[in-house]
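Down below is the structure, laid out as structure tokens.
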Amino acid sequence: MGVIGEEMQISVSPSHNIDGTLVLPLFEGTDIVPEAHATGLHVALKGQINRVLAEGDFKGKAKSTMTLFGGEGGKAMLVGLGKEEDADAHAYRKAGAAVVAARKKTHGTDLTVRFSGASIDCMGAFAEGMLLRDYSYDEYKMQKEEDKEARRSVRITCDEGQEDELEALVNIHSGVASGVHLSRDLGNCPPNDMYPEAFSDMAWEWAKQYDNVEVTIINYEHAMKAGMGGLVAVGMGSSRKPCMVIFEMNKEKPGRCPLLVGKGITFDTGGISLKPGANMDEMKYDMGGSATVFGTMQALASTGYDGKVVGITCMAENMPAANAQRPGDVITTLSGKTIEVLNTDAEGRLVLSDGLWKAGEFDPEFIIDFATLTGACVVALGHEATGLWSNDDDFRTKIHEAGNAVDELAWPMPLLPAFEKEMTDSKIADTRNLGAGRWGGANTAAAFLKQFVPNRNYDEDGEQITWAHMDIAGTYWGAKTNTMVGNGATGIHVRTMYHLITNWNN
Ligand code: BES
Ligand code: ZN
Ligand code: ZN
């Protein structure tokens with residue numbers, strides 16, 4: 001596992017010195033090196049850049065890069081920002097990521113990034129893209145990526161007087177990126193080493209570095225005694241028993257706070273309703289929801305967020321075994337509601353039923369759950385967007401907008417009474433964990449979860465707590481068009497949550 005907080009070091013200064021390779025972000029159609037870029041540039045290198053620009057060899061298309069060698073003049077890397085009129089923070093973030101993706105060409109050298117007329121937000125976004133893309137998971141390789149140290153030295157040059165603001169911004173991006181990277185580390189970790197207790201041990205150790213964070217672990221025995229029938233049923237077939245991990249940040253602060261719940265299936269075989277063998281290895285990512293919660297805690301804690309936040313992660317390994325739950329079993333959840341388990345592969349909703357109900361104890365302002373919940377969500381939205389459901393339209397819009405602000409798309413989906421009805425149609429229990437057919441599987445799953453979102457103070461006639469469900473089955477891994485990630489876990493929505501939570505009262 002990577003060491004938390006070991007992000008690429010990016011410094012900020014108004015100096016015109018060029019250390020190592022000069023990185024020049026350029027708009028589409030630039031045909032001569034801009035004046036702001038030219039200061040101190042060796043004439044040979046400048047000539048070469050001007051030649052490729054004039055000839056149209058480098059067009060400045062979004063995410064494109066070209067490395068030029070100017071002999072004793074040193075090296076330059078051109079990176080495209082796309083059309084100037086479209087060059088917002090997202091374009092700069094992508095360009096920053098493209099530079100790191102192409103870093104092999106600059107192997108062993110420092111980077112000096114020089115902008116021409118970019119806003120502080122755009123320069124910050126460029127740094128953010130570099131930080132996010134600077135990740136590889138090689139914990140299990142004898143040969144680690146060699147140039148890790150070398151590419152850690154990056155300097156962004158800015159105008160005189162901008163350095164303090166830009167440096168503060170880069171520091172925030174760096175802290176948030178450490179949360180994204182933690183989420184990826186947890187997801188990428190192989191399932192023989194990532195099991196419920198490994199996750200809870202990590203959370204416990206991690207919390208020690210922050211005075212304002214407390215971690216509570218509800219172990220298997222405790223979960224049984226407490227009546228967490230969903231968590232217990234899913235996890236009991238594994239020799240590695242389930243647990244619930246609760247993160248509390250700034251818990252002494254008064255008032256209601258955001259509460260995040262995560263599905264944490266460290267491996268999903270399907271259980272007795274066994275999955276087919278093809279690509280089953282990918283089910284190590286089935287704890288992505290919990291990784292999102294843990295990663296968000298790291299993003300907030302490392303950037304010094306001083307508000308109250310709670311995270312609840314529901315950890316279990318879904319295995320077929322002599323002591324595993326069976327299709328047909330009826331379980332009693334923490335809420336008291338019984339569930340007829342018709343398919344043991346629909347296990348995420350079972351562990352979440354307890355996590356959502358538990359959330360009510362914290363009297364939260366709102367609850368958001370994250371889950372790699374359904375293949376049906378991937379059918380609906382592919383790898384491009386997370387499915388987003390909510391019992392409150394305005395809240396859903398806020399999350400959608402927070403996602404847009406950081407380029408992590410979450411797409412609104414419907415919570416319909418018909419779906420809920422479908423899920424309560426059990427002959428022998430209060431509810432069932434499987435829809436009537438396979439259609440609308442992501443929606444029926446969301447409707448199922450809604451039944452376990454408590455009312456305020458568990459008051460029967462009260463108002464249901466504001467809640468949203470985010471199905472990240474398609475976005476937690478496998479997104480080929482996500483420029484911030486090479487491969488494996490994406491760490492999606494740590495940034496969305498950071499944005500939402502830190503802007504909540506604005
Ligand atoms: N973890 C899976 C969902 C999943 C499948 C995520 C493929 C990403 C890729 C989940 O536990 C599951 O198996 N869901 C079933 C539900 C069904 C049995 C109602 C599914 O989607 O098929
Ligand atoms: Zn499953
Ligand atoms: Zn699952």
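Atoms within a ligand are numbered from 1 in the order they appear, just like the ligands themselves. Here, residue 1 is the first one in the sequence, and each next residue gets the next number. Given the structure is predicted, the values throughout are model-derived calculations rather than measurements. The analysis underlying the following values was restricted to heavy atoms, covering all of them including side chains, and did not include hydrogens, waters or symmetry mates.
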Next on the checklist: With 2.8 Å as the threshold, which protein atoms of type N, O or S lie near the Zn ion (ligand 3)? Leave waters out.
Outcome noted: K263 NZ, D268 OD2, D286 OD2, E347 OE2
Item to check | Flag if over 12 foreign heavy atoms under 6.0 Å of CZ, R438 | outcome: no
Checklist entry - Distance under 6.0 Å and angle within 45° of the ring axis: does R184 meet both against Y137? => result no
Next on the checklist: Strictly below 4.0 Å, N to O, side chains only: are K358 and E361 in salt-bridge contact?
Outcome noted: yes
Checklist outcome for this item: Using heavy atoms and a strict 4.0 Å limit, residues surrounding ligand 1 turn out to be K263, D268, K275, M283, D286, N343, D345, E347, R349, T372, L373, T374, G375, L434, A473, W477
Checklist entry - Relative to the ring of W504, is the ring of F395 parallel (under 30°), tilted (30 to 60°) or perpendicular (over 60°)? => result perpendicular
Next on the checklist: Please determine whether side-chain contact (heavy atoms from CB on, under 4.5 Å) holds for the pair E317 and I265, giving the CA-CA distance in whole Å, both sets of side-chain angles, and the decisive distance to 0.1 Å.
Outcome noted: CA-CA 5 Å; E317 186 177 50; I265 303 301; 6.0 Å; no
Checklist entry - So, are K427 and E340 salt-bridged, with charged N and O less than 4.0 Å apart? => result no
Item to check | Within 6.0 Å of CG in D86, more than 12 heavy atoms from elsewhere | outcome: yes
Item to check | salt_bridge(R256, D363) N-O dist < 4.0 Å | outcome: yes
Checklist entry - Within a reach of under 6.0 Å around CD of E420, are more than 12 heavy atoms found that belong to other residues, nucleotides or ligands? => result yes
